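In what follows, every chain begins at residue 1, and chains take the letters A, B, ... in the order their sequences are listed. Nothing here was measured: the structure is a model prediction, and the numbers come from that model.
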Number of protein chains: 4
Amino acid sequence: MSAKLVDKDQKRRDIARAAMEVFSRGGMDAVSMRLVAGKAGIGKGTIYEYFDSKDELIAAAILIWIEDLIEGARLLSQQEVDPEKRLRIFVGQTMAVFTRDQSAIQTAISVFQVILSNLDNNLWFDPIQSAFKDTWKTIAQIIMDGSEKGVFRIQGREDAKKIAINLLAFLDGICLHYYASGGRFDIKEQVDHYMKYLLEETLK
Amino acid sequence: MSAKLVDKDQKRRDIARAAMEVFSRGGMDAVSMRLVAGKAGIGKGTIYEYFDSKDELIAAAILIWIEDLIEGARLLSQQEVDPEKRLRIFVGQTMAVFTRDQSAIQTAISVFQVILSNLDNNLWFDPIQSAFKDTWKTIAQIIMDGSEKGVFRIQGREDAKKIAINLLAFLDGICLHYYASGGRFDIKEQVDHYMKYLLEETLK
Amino acid sequence: MSAKLVDKDQKRRDIARAAMEVFSRGGMDAVSMRLVAGKAGIGKGTIYEYFDSKDELIAAAILIWIEDLIEGARLLSQQEVDPEKRLRIFVGQTMAVFTRDQSAIQTAISVFQVILSNLDNNLWFDPIQSAFKDTWKTIAQIIMDGSEKGVFRIQGREDAKKIAINLLAFLDGICLHYYASGGRFDIKEQVDHYMKYLLEETLK
Amino acid sequence: MSAKLVDKDQKRRDIARAAMEVFSRGGMDAVSMRLVAGKAGIGKGTIYEYFDSKDELIAAAILIWIEDLIEGARLLSQQEVDPEKRLRIFVGQTMAVFTRDQSAIQTAISVFQVILSNLDNNLWFDPIQSAFKDTWKTIAQIIMDGSEKGVFRIQGREDAKKIAINLLAFLDGICLHYYASGGRFDIKEQVDHYMKYLLEETLK
DNA sequence: GATGAATGAGCTTTCATTCAT
DNA sequence: AATGAATGAAAGCTCATTCAT
């Protein structure tokens, strides 16, 4: 692989990340090529040297965002051995990302919206699917580990997957409701409530 | 006495619902006045006889959509007396709405996105907040009823509210993940799993 | 002539005067049929019972405005016998109209603009021409009277006409400059200066 | 170093002049961006690369038009030493501009109209005021020169200013009446009449 | 005769995209 | 390879005009 090619790929990522920054402020249509170019510190026309269209840029930006998420989750779960702690760390980190600033949930919701509006777009169908699978697997694996170590009580691999999916769905859902309701409840208490029953009743 | 009698309020609702149909396809910015007019079977200019601006149309459409939701939930919970059944019916109906066609979740996600992007817009802040509160209350009340009848075991009103919020958040989250992942899991089983532990472990 | 016909004509004048009021605020395009209807206290559609189009309404409004002006000038010059006084009264009245409120000059300028933009429009070419001629004649006649009485010294009827035209042109011009310059000079002094030399040097 | 070199300022002037051409046909509201773009031989969107809005374009166009006028007057008065000749040249040139084609007076009247409708708009209030002052000063200075040389007889600087203002107002007024009346008098004779008494009676 | 609901042409403005440099 | 000037399609919106009542 030549140095040139590496540069091209790196610049693609830079532009895509700049696009994602803009994206998070107001969804797909808030992204103007002028703004992205500005954020990326390049000329407007230059974007088209790296992406064929705005749609492709958005798709790439979303994919890179998801890749980053997956990588983050992967790293996270490696840092600790105790399954319960790993689970708590994952949840804590996820909440930290979403509560640190509102733009994170806005980004997530915008991503979801674009994906749902373009489910037929096979450009990203596979990568997105993989991303979901990877995240499920990561969490399910933690639970499986706990089961093997005798810390968690589950009924087989399928059960672990279900618990993982539900946990992830809940985390997204609760953040969504939290912001959409104007912060009318204590999100930490809600998550604690979920985790308490998950760890004390379901997995024990 | 007017020269031509038109049910202004009904027409407003008709146009708003047409807008919501378009809205579900791709969020706020997919709603072009041309498209809405087409859906509603009227001329572009006519929309402006009923709404001052696109923003007002969107806001009204969302509010009407939410009103319909609340009304649906209210009717639902009145049909049955047994708390557990009422809870199951509510969940079943919600899932039915979301699984019948994908546009329902797209509408929901689009609504969330607009709300999150316009949290400061006091045009709809209050109604939205009320809508959330109403839905929480409806579910919490079912649980409270169960508690009073000795069917559910909870620790006070606060606990009921927490359970209600988490349930609603989970339902939205799981639908989101279901569609976004391309239907890679059995959503019914996931919900059943959640409900099983909710009813068997948490509330028993 | 039937009562109905008189009513129609009167209503035409009412609507035209309402149009002129709006007209004075910002020229031709500030006149919206909705506004005119509002000012006239009638429905929008009703205007079209009396005028075929907005253009026709504007034309009629301008003609009526001019007719009013001419009538005013005619009445004015009849009230006094002394030619010099009649001239002073005419000038004084004209200035009074223009200095009472700014909208008068705005109306005048708007009228001029519409006329200049539509000189080919034979709908009003003749009436406008007559209006100018009438005003010139009125002033010229005063001067002729003065000449016959030995009060003014002029060189024939042509001279009187020239003086009249110049006086009228000057009055419009000075008002225009006065407002356009933001009132940076004393308009009364300017007119006095003109009148002084007109009466002391030119006509003496 | 830019990829494409364009004289931004020159193009601004080109567009503004194209706007002024359209402007002269029917005032502010006759100026459609489509028409201006057509006149300027560019695309509609290109105008917005040089002006932020239509209002800004109109304002700029008017200011440039006035600047041209002032510059013309300035150059004119430098070419000759004899005050009387300078005055005659100024008047002659002004008439030449206005009689060469009708659009000049239409432009002037349109400018007046916009100014009168936007007297509060400080975007152009100051420049316009300066323009008026400059023109008054230019003429008044010629008269003062004549006074110093003993050619003209005036009563102080204030008198010179009054004469200048009246002359300018008269010139605009007479052109206005000339065109509005459909050319029913000999404008040259009218101006000669004014000038004759100005030079023979007032200034002698 | 009077009305105002309905409409589409046309307005100003934005912006993804192209392309000459 | 990189740029930004140029553009036209399409957006939200206004309004003169029509027409059913």
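Two residues, V31(C) and S53(B), neighbour DNA chain F, and the one matched to the more 5' nucleotide by heavy-atom proximity is S53(B). Mapping G43(B) and G45(A) onto DNA chain E via the closest heavy atom, the residue that lands nearer the 5' end is G43(B).
Rounded to whole angstrom, the span from the CD atom of E49(D) across to the P atom of dG4(F) amounts to 11 Å. Atom pair L35(C):CG and dT14(F):P shows a separation of 14 Å (rounding to whole Å applied). Between the CG atom of L57(A) and the P atom of dA16(E) there is a distance of 10 Å, given to the nearest Å. The CD1 atom of I47(B) sits 16 Å away from the C1' atom of dC15(F) (whole-angstrom rounding). D29(D) has its CG atom 12 Å from the C1' atom of dT14(F), to the nearest Å. In this structure, NZ of K44(B) is placed 10 Å from C1' of dC11(E), rounded to the nearest angstrom. For the pair K8(B) NZ and dG4(E) C1', the computed distance is 9 Å after rounding to whole Å. In this entry the distance linking CD of E56(A) with C1' of dA16(E) reads 14 Å, nearest Å.
Among the heavy atoms of the strands lying under 4.0 Å from T46(B) is at least one base atom, whether or not backbone atoms are also near. Among the atoms of the strands shown, none is found under 4.0 Å from any heavy atom of F51(B).
Looking only at distances, no side-chain donor or acceptor of Q102(B) sits under 3.5 Å from a matching main-chain atom of Y179(B). Checking side-chain atoms of Q106(D) against main-chain N and O of G26(D) turns up no donor-acceptor pair under 3.5 Å.
Checking dT7(E), dT17(F), dC11(E) against every side-chain atom of M33(C), the shortest atom distance belongs to dT17(F). Of all nucleotides listed (dT7(F), dA16(F), dT12(E)), dT12(E) comes nearest to the side chain of S32(D). Each of dA6(E), dT17(F), dT14(F) was ranked by its minimum atom distance to the side chain of K11(B); first place goes to dA6(E).
Pairing for dG12(F) is with dC11(E), a Watson-Crick or G-U wobble pair whose two hydrogen-bonding atom distances lie under 3.5 Å. Applying the Watson-Crick and G-U wobble criteria (two distances, each under 3.5 Å), dT18(F) pairs with dA5(E).
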ask   = Does the pair S53(B) and D55(B) meet the rule for a side-chain hydrogen bond (donor to acceptor under 3.5 Å, both in side chains), with working shown?
value = CA-CA 5 Å; S53(B) 68; D55(B) 273 4; 5.5 Å; no
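One finds a side-chain N or O of Y50(C) lying less than 4.0 angstrom from the OP1 or OP2 phosphate oxygen of dA2(E). Remark: R34(D) is not in phosphate contact with dG10(E), judged by side-chain N or O atoms under 4.0 Å from OP1 or OP2.
When each of R17(D), K11(D), Q10(D) is paired with D14(D), the side-chain hydrogen bond (donor to acceptor under 3.5 Å, both in side chains) condition holds for Q10(D) and for no other.
Counting all heavy atoms, side chain and backbone alike, I42(B) lies closest to I15(B) at CD1-CD1, 3.8 Å.
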